[in-house]
Every structure is written in structure tokens, then in C-alpha cells.
2 protein chains.
Amino acid sequence: MTYCVAMCLKAGLLFASDSRTNAGVDQIATFRKMSIFEVPGERLITLLSAGNLATTQSVVSLLRQRLVDEKEHLYNRRSMYDVAELVGRTVKEIVARDANAQSLGQGVDFGGNFIVGGQIKGEPPRIFHVYAQGNFIEATDDTPYFQIGESKYGKPIIDRVVTPDTSLKEAAKCTLISFDSTIRSNLSVGLPIDMLLYRADSFAPAEPHRITASDPYFNMLRTGWGEGLKRVFAELPDEDWFS
Amino acid sequence: MTYCVAMCLKAGLLFASDSRTNAGVDQIATFRKMSIFEVPGERLITLLSAGNLATTQSVVSLLRQRLVDEKEHLYNRRSMYDVAELVGRTVKEIVARDANAQSLGQGVDFGGNFIVGGQIKGEPPRIFHVYAQGNFIEATDDTPYFQIGESKYGKPIIDRVVTPDTSLKEAAKCTLISFDSTIRSNLSVGLPIDMLLYRADSFAPAEPHRITASDPYFNMLRTGWGEGLKRVFAELPDEDWFS
């Protein structure tokens with residue numbers, strides 16, 4: 001499985017992904033699930049992927065390859081909406097190619113999910129969730145974040161903390177805590193975490209962070225959050241159920 | 001969906017279940033998912049159920065009906081192991097009856113999951129997870145709890161807090177917080193919560209609690225936990241990602 005989160009805040013964008021891939025429990029590997037396409041000063045596009053690795057890798061490879069020899073590509077689509085549409089179309093193309101008659105009924109899921117986000121000059125930052133079927137939805141102020149993959153363990157803390165007014169630093173803190181909860185409870189999500197923070201309207205070169213098991217800030221958060229939860233838990237009163 | 005939890009602690013047993021049943025989002029109803037069978041002074045058996053409501057209701061109805069006219073039933077099986085085996089056998093019987101040729105290929109999932117726990121005189125308290133296939137596993141000191149249904153949202157807090165040495169009061173507090181996280185993030189789990197606490201070796205008459213939206217202790221926990229989390233979150237330092 002996989003766990004990816006993206007947030008669309010007034011301050012900018014956050015993208016984060018784990019890097020564990022597994023087919024069953026005995027084929028575990030590390031793959032980066034974050035892909036960045038950028039024209040500094042003009043556009044930044046980030047893709048996070050979950051699902052069938054053959055599908056998601058093919059989609060990213062084709063999107064990159066076509067930057068030079070296709071009429072429509074990620075560097076000339078005029079809006080993030082058009083970018084999401086192109087990603088969705090490419091997902092459908094790969095699934096149609098790979099899920100052929102020979103493989104039907106073999107129980108293979110060829111689907112891949114993407115979060116696509118970024119900013120193109122003239123637009124505000126935007127993020128989209130592109131489904132395995134190629135259609136897509138956009139985040140709004142009511143729901144300013146998307147998750148794909150093993151999303152449930154780490155959803156409660158995001159629901160409690162994140163609003164469009166959350167700062168990028170707070171969003172990063174919340175995201176790392178959300179990953180910690182997920183990694184503790186689910187073997188199929190693992191370190192390192194790739195995280196990209198983008199300040200709205202900066203169009204600065206992307207500088208993704210790779211957070212490993214020895215990252216001091218992440219380890220401080222893990223310890224501090226765990227101890228804090230236990231303290232809050234201990235302070236809440238008990239009920240006398242047997243009286 | 002559903003959310004049920006059971007814990008097997010040195011102090012005794014805890015059972016809790018929500019009461020929302022849904023088929024899609026437009027057929028939502030309230031059904032108790034906790035069934036208690038008891039012979040005060042001799043045995044207490046509690047069933048929690050998740051999955052196809054027709055299957056789980058039939059299993060419970062047959063188990064109750066057969067208390068009077070069958071050779072083997074919940075009141076004469078000599079161990080909790082034998083009780084779990086009887087529940088599993090009944091699950092298989094119902095699925096075999098209902099999932100007939102006519103319904104094959106209609107995409108209906110006839111499966112039902114159960115947590116079966118309790119104490120029979122001469123044994124310690126025990127809990128089992130009975131799968132839709134009728135086989136089952138028992139909780140141990142390494143993993144003293146089971147969840148069925150929408151288990152992921154509320155798993156991190158249990159993983160952090162519960163050990164076999166946890167008291168029943170603390171276990172109840174942790175369980176209600178786990179339900180709160182689940183209910184906030186998933187529409188298919190809803191109040192009221194049925195909760196039964198059983199003190200080991202007491203064989204006292206079961207007195208389940210029904211926790212509604214107006215329960216003062218539950219509301220105090222919801223508020224206190226939410227505020228506590230936000231306080232811990234705010235106290236954890238930020239990282240300067242852009243330096």
C-alpha cells in the first residue's frame with residue numbers, strides 16, 4: 001500500500017508521500033511516489049501516486065517523456081484543471097493498455113490513484129484527486145486536503161487540525177504526526193517520507209525534504225506526540241462504571 | 001459499516017459496539033450489534049457482529065433459538081473455544097443457506113464477522129475473532145484486543161494505550177476515545193454505543209451501558225480529548241523548513 005497527503009492552504013501547498021511498495025508481505029521495496037515537474041518562475045506541478053506500481057510508474061514516465069514530443073504536455077497545459085485532465089487521460093490510456101483480455105479474470109487490480117497539485121502563473125495553487133477511472137475532483141476550502149492509499153489511520157488528526165488558514169509549518173507538523181500514526185498501525189506504509197512545501201505565488205525551485213528514521217525533528221515529534229497523548233489520556237477522568 | 005471492539009485484560013473483559021447499519025448511504029438504520037447470553041454464576045458470553053446484517057441477525061437468532069432444542073448450544077459448550085467453534089459453524093451454515101446459486105454473481109457479500117468473548121466457570125476470560133469463513137483466532141497478551149468493521153481510524157489510540165494490565169476504567173476511556181475518532185471521520189459508524197464491562201471471575205449479571213449523544217461522560221471525553229490533542233499539537237515545536 002502507500003500513504004500520500006496533499007493540502008491546499010492559503011499559505012501554499014503541502015505534498016507528502018511514504019515510499020513503501022508491497023505485493024503481499026514478501027515483496028517489499030522502496031519507491032519514491034512523488035514526482036515534480038517544474039518551470040521555475042512559471043509553474044510547479046507535483047504528482048503523488050498510489051495503487052498498481054506498474055500503472056503509476058508508466059503514467060509518470062509517459063508524462064515526462066511526452067514533455068518533448070507531444071502537442072499537449074504538463075508544461076504547456078494552461079491550467080491545473082487541464083493538467084489534471086491530462087493525468088486522468090494518461091491513467092485511462094495505461095489501464096486500457098495493460099488490463100487486456102489476457103489478464104482479465106486474473107484478479108489483478110491495474111488501478112492507480114493520483115493527487116495532482118501545483119500552481120501555474122495566473123492561477124492560485126490548486127490540488128486534484130485523479131481516480132483510477134481517470135475522472136477527478138478538486139479540493140476546496142471545505143475540504144482543503146486529499147489523502148490516497150492507507151488514509152484512515154492518519155485522518156482523525158488532519159480532520160481536527162487543518163483548515164485553509166493553517167500555516168505551512170503547522171501543516172507539516174500535522175502531516176508528520178499523521179504519518180507516524182499510520183506507520184505505527186500499518187506495515188504497508190514505511191519511511192522515508194518525501195515532503196514538499198510550496199509557498200503560494202513563489203514559483204521557487206522545488207526543494208523536497210526526505211525524512212528518514214534518523215530525522216531529528218520527526219523523532220522529536222513522534223516522541224513528543226506519543227507522550228503528549230498519554231498525558232492527555234491520563235488527565236481525563238475515569239467513570240465509575242460499576243457503581 | 002460498523003465499529004466493534006473487545007479487549008481481554010487481566011482485570012476482565014470489555015465489549016463495545018456502535019449501532020449504525022447502512023446499505024449505501026440512503027438506507028441507514030439503528031441496530032444493536034451486541035448480544036449477551038448468560039447464566040449468572042456460571043457463564044457470560046457476548047457476541048459483537050459486523051458485516052451483512054441478514055447473516056449476523058440469523059446467526060444470533062439461531063444461536064438463541066437453539067438454546068432450548070439442540071444438543072449443542074451456547075449454554076452447554078464446555079469452553080469458550082467450543083463456543084467460538086459453534087458460532088463459526090453457525091456462520092458457515094447461514095452463508096451456505098443464503099449465498100445460493102441464484103444470488104451468485106449479484107455482487108452481494110453475505111459474510112459476517114463476530115467477536116465472541118466471555119467466561120465459563122473453570123476458565124479465564126477469553127475473546128475470539130470469528131471470521132466470515134467460520135474459522136477463528138484468540139486474543140493473547142501480545143494482542144489483547146480485537147476490532148471488527150471500520151477499525152482503522154480508532155486503532156492508533158488503542159495501540160498506544162492498551163496492554164493486558166490496563167484497568168477496565170482506562171480501557172473504557174480508551175474505547176470511547178477510539179469510537180469518537182471513528183465517528184468523526186466515518187459516517188457509517190454512529191451513536192449510540194453499547195458497552196459491557198465484565199470483571200474477571202465475577203459471573204455477575206451483565207449490565208451493559210448504552211452511551212447516547214447526551215451522555216455526560218462521553219461528551220466530557222470528546223471535548224477534553226479534542227482540546228488536549230490541540231494543546232499537545234500546539235506545544236510541539238515547528239521546524240523552519242525554508243531556512
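Note: hydrogens, waters and symmetry copies are ignored here, and every other heavy atom, side chains too, is used. The chains referred to below are lettered A, B, ... by the order of the sequence lines, with proteins before strands, and numbering in each begins at 1.
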**Message:** Sub-4.5 Å heavy-atom contacts with chain A: which residues of residues 176-183 of chain B show up?
**Reply:**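 B:Leu176, B:Ile177, B:Asp180, B:Ser181 fall under the 4.5 Å cut-off.
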
**Asked** Heavy atoms under 4.5 Å from chain A: which residues of residues 156-164 of chain B carry them?
**Response**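 Those residues of residues 156-164 of chain B which have a heavy atom under 4.5 Å from chain A are B:Pro156, B:Asp159, B:Arg160, B:Val161.
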
**Residue among A:Asp240, A:Leu168, A:Leu221, A:Leu229 with most heavy-atom pairs under 4.5 Å to chain B** =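 With the most close heavy-atom pairs to chain B, the winner is A:Leu229.
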
**Asked** chain A heavy atoms under 4.5 Å from B:Glu150: which part of the residue, side chain, backbone, both or neither?
**Response**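 Side chain only.
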
**Message:** Quick check on B:Lys169 against chain A: is it the side chain, the backbone, both or neither that has a heavy atom closer than 4.5 Å?
**Reply:**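 For B:Lys169, the contact with chain A is made by backbone and side chain together.
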
**Message:** Let me confirm one number: the OG-OH distance from B:Ser185 to A:Tyr153, rounded to the nearest 0.5 Å.
**Reply:**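 Answer rounded to 0.5 Å: 13.5 Å.
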
**Message:** To the closest 0.5 Å, what do you measure between CG (A:Leu197) and CD (B:Glu239)?
**Reply:**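 Atom-to-atom, A:Leu197:CG and B:Glu239:CD are 10.5 Å apart.
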
**Message:** Please classify the contact of A:Ala234 with chain B as side chain, backbone, both or neither, using a heavy-atom distance under 4.5 Å.
**Reply:**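 Only the backbone of A:Ala234 comes within 4.5 Å of chain B.
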
**Request:** With a 4.5 angstrom heavy-atom cut-off, could you sort out which part of A:Lys230 is near chain B: side chain, backbone, both or neither?
**Result:**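 It is the side chain, since no backbone atom gets that close.
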
**B:Tyr217: partners by ring pair (Phe, Tyr, Trp, His ring centres under 6.0 Å), with sequence neighbours left out** =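 B:Tyr217 satisfies ring pair (Phe, Tyr, Trp, His ring centres under 6.0 Å) with A:Trp241 only.
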
**Asked** With sequence neighbours left out, what residues match B:Tyr198 under ring pair (Phe, Tyr, Trp, His ring centres under 6.0 Å)?
**Response**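 Per chain and number, B:Tyr198 pairs via ring pair (Phe, Tyr, Trp, His ring centres under 6.0 Å) with no residue.
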
**Option that, when pairs with chain A are counted at under 4.5 Å, heavy atom only, ranks first among B:Gly226, B:Ser151, B:Pro237** =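 Ranked by heavy-atom pairs under 4.5 Å with chain A, first place is B:Pro237.
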
**Message:** Please determine whether the number of non-hydrogen atoms from other residues, nucleotides or ligands lying under 6.0 Å from atom CD of A:Glu123 exceeds 12.
**Reply:**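 Above 12, so yes.
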
**Message:** What I'd like to find out is whether the side chain of B:Lys155 reaches to under 4.5 Å of the side chain of A:Asn186, using heavy atoms alone.
**Reply:**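 No, their side chains stay 4.5 Å or more apart.
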
